[in-house]
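Here is the structure we will look at, set down as structure tokens.
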There are 2 protein chains.
Amino acid sequence: MSDAQRQLVEAVTARFGPKAAVTDRDAIAPWLGDWRGRYHGEAAAILQPGSTDEVAAIVTLAAKLGVALVPQGGNTSMVGGATPPADGSALILSLRRMNRVRRLAAAENLAEVEAGVILADLHDAALAQGRRFPLTLGAKGSATVGGLVSTNAGGTQVLRFGTMRGLVLGLEAVLPDGSVHDGLAALKKDNRGYDLNQLLIGAEGTLGVVTAASLRLVPAVMARAVAWAGVESPHAALELLRSMEGAAEAIESFEIVPAHSLALVLQHIPGTRAPLAGAHPWHVLIEAVATGADAEPPAALLERLLAAAFERALARDAAIAASEAQAEAFWRIRDSISEAERASGPALQHDISVPVAGMPDFMIDGAKAVEAAFPGTSAGAFGHLGDGNVHFHVRAPADSPVDWAARHSGVISPFVHDLVVAAGGSISAEHGIGQMKRDELARLSSPARMHALKAIKRAFDPGNLFNPGKLVSLAPDGADQ
Amino acid sequence: MSDAQRQLVEAVTARFGPKAAVTDRDAIAPWLGDWRGRYHGEAAAILQPGSTDEVAAIVTLAAKLGVALVPQGGNTSMVGGATPPADGSALILSLRRMNRVRRLAAAENLAEVEAGVILADLHDAALAQGRRFPLTLGAKGSATVGGLVSTNAGGTQVLRFGTMRGLVLGLEAVLPDGSVHDGLAALKKDNRGYDLNQLLIGAEGTLGVVTAASLRLVPAVMARAVAWAGVESPHAALELLRSMEGAAEAIESFEIVPAHSLALVLQHIPGTRAPLAGAHPWHVLIEAVATGADAEPPAALLERLLAAAFERALARDAAIAASEAQAEAFWRIRDSISEAERASGPALQHDISVPVAGMPDFMIDGAKAVEAAFPGTSAGAFGHLGDGNVHFHVRAPADSPVDWAARHSGVISPFVHDLVVAAGGSISAEHGIGQMKRDELARLSSPARMHALKAIKRAFDPGNLFNPGKLVSLAPDGADQ
């Protein structure tokens with residue numbers, strides 16, 4: 001621990017009690033690496049403020065002492081975004097103690113919650129009042145609101161209500177100089193200059209730390225229906241989606257799955273079975289919901305829409321889950337794809353997006369290009385077709401060593417990213433940049449964009465003390481590296 | 001014209017032809033003041049690039065020569081945001097020649113348009129392909145896309161689809177150093193660091209100039225219905241809105257009108273008549289639309305919702321327009337309030353917002369507070385209740401001189417703004433800051449907020465050359481004033 005770090009820890013303990021600073025090695029250890037085991041950092045202490053005032057006091061003092069801080073929530077980053085630097089030059093600033101739902105106003109469809117509230121707890125709190133927070137993802141049992149905001153999280157239910165950016169109505173944050181940005185008021189119209197809330201959403205804790213958010217709620221789901229359909233191609237899948245979107249706003253998920261991914265799931269995940277009798281080259285999972293008592297029952301809606309789709313030959317076959325258990329079984333297939341792929345051998349994953357209209361071509365042509373460039377690999381994409389966001393996986397040739405991914409990521413991933421950029425897309429659709437994609441972002445962004453990103457970083461955090469080394473690379477004094 | 005300005009004009013003319021630089025005094029004159037006649041500026045030339053490349057070349061050269069630029073579209077700002085400085089220190093950069101719809105993809109619900117496209121023309125282009133751009137406002141015949149984006153424009157149809165911020169899917173802009181930010185790709189998910197598009201939306205041309213936008217379209221309206229209801233209070237009106245919002249997404253406008261404003265319209269605007277037979281303290285105008293063939297006809301929907309509202313005593317009386325002509329007549333009342341108020345004597349207008357739940361109290365208590373503080377005045381609010389955005393007007397005492405507003409704005413407006421801030425609201429809901437509210441923004445914002453706004457401005461525009469003096473005040477070298 002550096003002298004400055006020690007001073008900070010001692011001051012925090014003296015002022016806010018022993019709970020506010022953890023220095024026990026065993027207690028710190030689980031928070032030093034990412035959950036996928038790719039990144040390992042070092043930090044001599046975890047600071048755990050219990051209120052916004054405490055955050056502001058800690059940040060003010062850290063700025064004075066020149067101590068770098070790595071904001072952390074549930075530590076579920078997919079890109080090493082919450083892992084401290086390996087050289088121990090930063091302390092972790094954990095928001096987990098700030099886990100109060102400050103206010104949940106059902107009539108206003110509004111929840112004001114602290115950054116440390118876990119997503120699943122927010123779901124429960126909303127449901128208890130007949131409301132829903134309409135964003136969910138695999139890590140919902142650990143991921144916190146602060147992290148979800150700071151990474152502009154997405155997930156499987158973005159189609160209708162958008163990512164976090166569309167669900168944040170207000171934000172409170174502590175900026176790198178220790179000042180408190182109070183933008184919590186949920187104003188539907190507010191044109192007082194540059195939108196600081198929007199700037200903090202997706203900033204990955206590099207411009208300050210989010211301490212609380214006002215979030216949009218929607219009516220609770222009264223019924224849902226899940227369908228599984230076999231389709232000819234990604235192009236047919238997109239046509240199917242458009243036919244449904246045009247007819248109803250109740251479609252909340254539309255996930256595409258290639259035959260190969262389905263086969264891997266059936267092979268590797270116990271208890272799974274094919275939803276349809278025949279073989280189809282591509283599959284889609286569709287979820288429709290009803291929220292009002294007057295709404296068309298979602299199963300009837302899906303039946304109607306699928307019947308129309310058959311008439312237009314957009315689908316080859318389809319089944320609507322006859323029970324909630326069957327609906328869960330359909331979803332389990334979709335959610336098990338990554339696990340099944342891992343079981344079948346090494347693979348490289350890419351969270352990418354392209355404009356929705358270009359996605360079918362990209363899925364086909366991109367896979368072909370990768371397989372041609374790296375003989376023996378097989379490439380495939382699955383996921384959120386309606387969002388133009390798929391997980392593009394490149395699987396190792398048969399009998400590859402277990403470290404295949406680590407050995408080849410430096411060549412294959414840039415190749416995939418180049419394809420994405422050529423298609424007008426993004427190398428990070430929903431996972432963010434963190435440390436994993438930082439250099440690729442710099443390589444693939446226009447000079448105008450990189451200049452602007454760095455200028456913003458420097459403007460907010462001239463000392464480069466907030467989550468240093470993530471998203472953009474600045475030298476410690478704020479200059480370009 | 002300064003030497004540097006002259007050099008710039010000559011270079012632009014030489015390179016891009018005489019169309020690209022206007023120096024004729026008569027041609028310039030109409031663009032030197034705002035349309036309400038409150039602000040008068042001076043500029044020796046209007047630069048009129050015809051393409052993004054030309055904009056980039058002009059901005060690069062202007063940056064080199066140190067010439068300040070005032071971006072201008074339709075020049076319909078309500079806050080003097082597009083009026084050049086009075087000392088002639090800036091040239092106008094008009095985007096009006098860039099008025100092409102580059103692409104309108106109905107299947108993708110997407111329009112890519114240049115900054116100079118006029119809103120009404122965008123409406124027409126979308127409608128020709130069975131689509132709608134769902135934002136409209138009084139100045140639609142002049143206001144351009146670039147200005148609408150740069151001011152995050154709102155209007156009377158924000159309830160369902162939001163302000164411009166919610167409708168912009170991508171942006172292209174030229175930054176103050178002349179570099180081109182290409183963020184046009186309409187990606188539904190994109191987490192590549194700070195969202196530059198969001199930062200440029202509402203930046204009022206102080207961080208660069210928007211040259212094109214990818215905009216969201218929605219299905220064209222197949223039918224609409226407009227209702228007028230008498231209600232007891234703003235509280236009852238809000239309850240009525242919530243009862244309707246919970247039941248249907250088809251409610252697109254919900255405007256509140258006090259009895260006094262209705263009376264002024266009936267008195268001053270020829271051809272208007274009261275929509276309801278009896279007298280009511282407050283009124284609301286409600287518009288519902290149908291977009292799909294399967295949708296409930298909007299008149300039937302409104303009838304059903306209003307019947308339910310009567311049962312709960314949320315409305316005193318209501319009428320649904322029996323024809324499109326009557327629907328227009330209802331809207332004409334709403335749209336004529338400002339004109340009627342002007343005819344009845346001087347008044348001060350305030351475009352403000354507070355959290356929706358707090359709006360009814362604010363409308364009542366705020367008006368009382370103003371009338372108590374400034375005896376003889378009468379205060380009232382009308383407008384977009386569902387957005388938490390009303391136009392709060394303070395009318396002069398009887399027989400006040402015509403210059404009453406100019407004489408008293410320095411005292412009354414800050415008083416109103418203080419009330420807004422105390423209610424957790426915004427002193428600019430939809431009109432922006434411009435030059436009119438710049439000092440009030442500085443007075444009423446937290447130091448954290450002002451520090452951040454200025455830091456961003458300096459980071460993007462260190463020479464303070466883009467729309468100087470608007471939004472935030474920096475000295476010419478970028479330091480605080």
Side-chain angles (χ1 to χ4, degrees), chain A residues 105 107-108 151-152 154 158 163 175 179-182 185-196 198-199 201-203 219 242 246-247 249 292 294 353 355-357 387-389 424-433 441 445-449 451-453 455-456 458-460 471-472, chain B residues 105 107-108 151-152 154 158 163 175 179-182 185-196 198-199 201-203 219 242 246-247 249 292 294 353 355-357 387-389 424-433 441 445-449 451-453 455-456 458-460 471-472:
Chain A
E108 298 167 48
T151 59
N152 183 26
V158 163
T163 63
L175 303 181
S179 64
V180 177
H181 162 62
D182 181 0
L187 300 173
K188 289 197 177 182
K189 287 184 178 172
D190 180 14
N191 279 338
R192 284 175 293 171
Y194 321 133
D195 195 318
L196 302 184
Q198 291 294 334
L199 195 53
I201 296 169
R242 290 209 165 127
E249 296 193 43
D294 294 330
S353 67
V356 178
D387 305 325
N389 168 209
S426 167
I427 62 163
S428 180
E430 55 181 8
H431 293 169
I433 298 300
L441 178 73
S445 297
S446 69
R449 184 183 186 81
H451 180 77
L453 294 184
I456 293 168
R458 269 185 225 109
F460 274 75
L471 211 162
V472 285
Chain B
E108 299 168 47
T151 59
N152 183 24
V158 164
T163 63
L175 303 182
S179 64
V180 177
H181 162 62
D182 180 1
L187 299 173
K188 288 198 177 181
K189 287 183 178 174
D190 180 14
N191 279 338
R192 283 175 294 170
Y194 321 134
D195 195 318
L196 302 183
Q198 291 295 334
L199 195 53
I201 297 169
R242 289 206 166 130
E249 295 191 44
D294 294 331
S353 66
V356 178
D387 305 325
N389 168 211
S426 167
I427 63 165
S428 180
E430 56 182 6
H431 292 170
I433 299 299
L441 177 72
S445 297
S446 69
R449 184 181 186 82
H451 180 76
L453 295 183
I456 293 168
R458 269 184 225 110
F460 274 75
L471 212 163
V472 286

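Per chain, numbering begins at 1; letters A, B, ... match sequence-line order. Just so you know, these numbers come straight off a predicted model, no measurement behind them.
Of the inter-residue distances, the one linking A:N191 atom CG with B:I427 atom CD1 reads 11.5 Å to the nearest 0.5 angstrom. In this structure, OH in A:Y194 is found 11.5 Å from CZ in B:R449, a value given to the nearest 0.5 Å. One finds the CD atom of B:Q198 at 7.0 Å from the CG atom of A:D195 (value rounded to the nearest 0.5 Å).
With sequence neighbours left out, B:D387 forms a side-chain hydrogen bond (donor to acceptor under 3.5 Å, both in side chains) with A:K189. With sequence neighbours left out, A:S179 forms a side-chain hydrogen bond (donor to acceptor under 3.5 Å, both in side chains) with A:D177.
Counting only distance, with no hydrogens or angles, the side chain of B:R458 and the backbone of A:A459 share no donor-acceptor pair below 3.5 Å.
Counting heavy-atom pairs under 4.5 Å between each of A:A107, A:S426, A:A186 and chain B puts A:S426 at the top. Of the residues considered (A:G193, A:A185, A:G154), A:G193 shows the highest number of contacts with chain B, using heavy-atom pairs under 4.5 Å. Comparing A:S353, A:G202, A:A357 by how many heavy-atom pairs each has under 4.5 Å with chain B, the most go to A:S353. Ranked by heavy-atom pairs under 4.5 Å with chain B, the first of A:N389, A:L187, A:L471 is A:L187. Looking only at heavy-atom pairs under 4.5 Å with chain B, the residue among A:P219, A:G425, A:A429, A:A105 that has the most is A:A429. The residue among B:L175, B:V472, B:V180, B:I433 with the most heavy atom pairs within less than 4.5 Å of chain A is B:I433. No other option in A:T151, A:L199, A:T163, A:I456 has as many heavy-atom pairs under 4.5 Å with chain B as A:I456.
Shortest non-hydrogen contact noted between B:A452 and A:L196 is CB-CD1, 3.8 Å.
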Q: Would you please test B:V356 and A:K188 for side chain to side chain contact (heavy atoms under 4.5 Å, CB included) and show each step?
A: CA-CA 8 Å; B:V356 178; A:K188 289 197 177 182; 4.2 Å; yes
Q. What's the verdict on side chain to side chain donor-acceptor pair (under 3.5 Å) for A:R192 and B:S428, showing C-alpha distance, side-chain angles and the deciding distance?
A. CA-CA 6 Å; A:R192 284 175 293 171; B:S428 180; over 6 Å; no
